[in-house]
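Data block below; observations after.
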Amino acid sequence: MDLPCLHGWRLTGREAVALQRELAEKVVLADGLPRPVRTVAGVDVSYERNGDSFFAAVVVLELPDFKLIEEASATGRMSFPYVPGLLSFRELPVVLDAFSALRTVPDAVLVDGQGIAHPRRFGIACHLGLWTGLPTVGCAKSRLCGSHLPPAPHKGDWVPLLLDGEAVGAVLTSRRGVRPLYISPGHRTDLPSALRLVQSCLGSYRLPEPTRLAHLLSNRLRLQARN
DNA sequence: GCGACAG
DNA sequence: ATCTTGTCGC
């Protein structure tokens with residue numbers, strides 16, 4: 001994919017916040033997913049322990065059998081600290097590099113982090129969606145903001161995630177007895193379609209297959225980069 | 001002022 | 001995110 005480059009971002013936290021407020025207005029929260037969704041990408045980033053380098057991995061799977069279509073990766077250097085609410089400014093540069101190495105254009109992307117379940121409604125899934133133009137869904141392992149009741153402990157059960165009285169996401173039990181996942185639309189998806197997509201990607205693990213495999217790949221890259 | 005806080 | 005062995009439980 002041809003994508004704009006984000007290296008060269010030299011923003012202060014305050015500038016990043018202002019940029020998020022601007023970009024949040026460009027996010028499209030209407031369902032733009034094809035029916036049926038055939039290919040789903042998953043993306044994840046792995047960090048080097050001491051160092052300043054990290055590894056991004058993207059995998060593209062075919063539904064409904066999770067057949068691996070393509071994988072791509074990239075490595076980069078940290079240029080922005082981890083600040084809750086500003087994750088995309090840290091991870092997006094290397095993530096976009098991985099996407100530019102991809103030949104397949106997936107129908108949708110599952111991102112490891114929040115979508116609009118974010119203080120300024122602009123989590124990393126929104127940012128990635130805006131930059132790639134692809135439908136994206138945020139699929140985080142823990143909560144950034146918002147409140148909710150505990151979902152029932154059975155696979156597929158969920159409760160709304162409320163922020164300022166608005167349902168910005170869903171708290172989903174992805175597998176029996178595990179901590180729930182925080183699902184929210186990123187770009188070109190709405191909550192029902194985002195939730196349906198994640199549910200169609202659930203296998204036998206807590207994480208949906210696309211992000212689970214991307215996590216494995218980025219981890220593998222980091223470990224073999226040591227030797 | 002005090003907690004909360006994706007990865 | 002990452003550092004870490006065994007261990008308790010479905």
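The side chain of A/R143 lies closest to B/dA4, out of B/dA4, C/dC3, B/dA6. Comparing B/dA6, B/dA4, C/dT2 against the side chain of A/S46 picks out C/dT2 as the nearest. Across C/dC3, B/dG7, B/dC5, the shortest atom-to-atom separation from the side chain of A/K141 is found for B/dG7. Looking at the side chain of A/D112, the nearest of the listed nucleotides B/dG7, B/dA6, C/dT2 is B/dG7.
One can place OH of A/Y182 at 11 Å from C1' of B/dA6, the figure rounded to the nearest angstrom. The separation between A/E48 atom CD and C/dT2 atom P is 9 Å, rounded to whole Å. For the pair A/R120 CZ and B/dC5 P, the interatomic distance rounds to 16 Å; values are reported in whole Å. One can place CD of A/Q20 at 14 Å from P of B/dA6, the figure rounded to the nearest angstrom. Per the geometry, CZ belonging to A/R206 stands 21 Å off P belonging to C/dG9, to the nearest Å. Atom-to-atom, OH of A/Y47 to P of C/dC3 comes out at 13 Å; the value is rounded to the nearest Å. Rounded to an integer number of Å, the gap from A/F89 CZ to B/dG7 C1' is 15 Å. Going from atom CG of A/L92 over to atom P of B/dA6 covers 18 Å, rounded to whole Å.
In this structure, A/L181 reaches neither bases nor backbone, as no heavy-atom distance under 4.0 Å exists between it and the strands shown. Heavy atoms of A/R176 sit nowhere under 4.0 angstrom from any nucleic acid atom. Residue A/G85 is classed as a base contact, given a heavy-atom separation below 4.0 Å to a base. Contact annotation for A/R222: backbone-only contact, meaning every heavy-atom pair under 4.0 Å involves sugar-phosphate atoms and none involves a base.
Classification of the A/Y47-A/F54 ring pair by plane angle, with boundaries at 30° and 60°, yields perpendicular.
An OP1 or OP2 oxygen of B/dG7 is reached within less than 4.0 angstrom by no side-chain nitrogen or oxygen of A/R90. Regarding contacts with the backbone of C/dT2, a side-chain N or O of A/N219 is found under 4.0 angstrom from either OP1 or OP2.
Taking a centre distance below 5.5 Å and an interplanar angle below 30 degrees as the stacking criterion, A/Y82 stacks against the six-membered base ring of B/dG7.
Salt bridge status for A/R121 with A/D164: present, with a side-chain N to carboxylate O gap under 4.0 Å. Between A/E25 and A/R120 there is no salt bridge, since no side-chain nitrogen of the basic residue lies less than 4.0 Å from a carboxylate oxygen of the acidic one.
A cation-pi arrangement is found for A/R212 relative to A/Y205, the charged atom lying closer than 6.0 Å to the ring centre and inside a 45° cone about the ring normal.
Under the 4.5 Å side-chain criterion, counting only non-hydrogen atoms from C-beta, A/H118 is in contact with A/L144.
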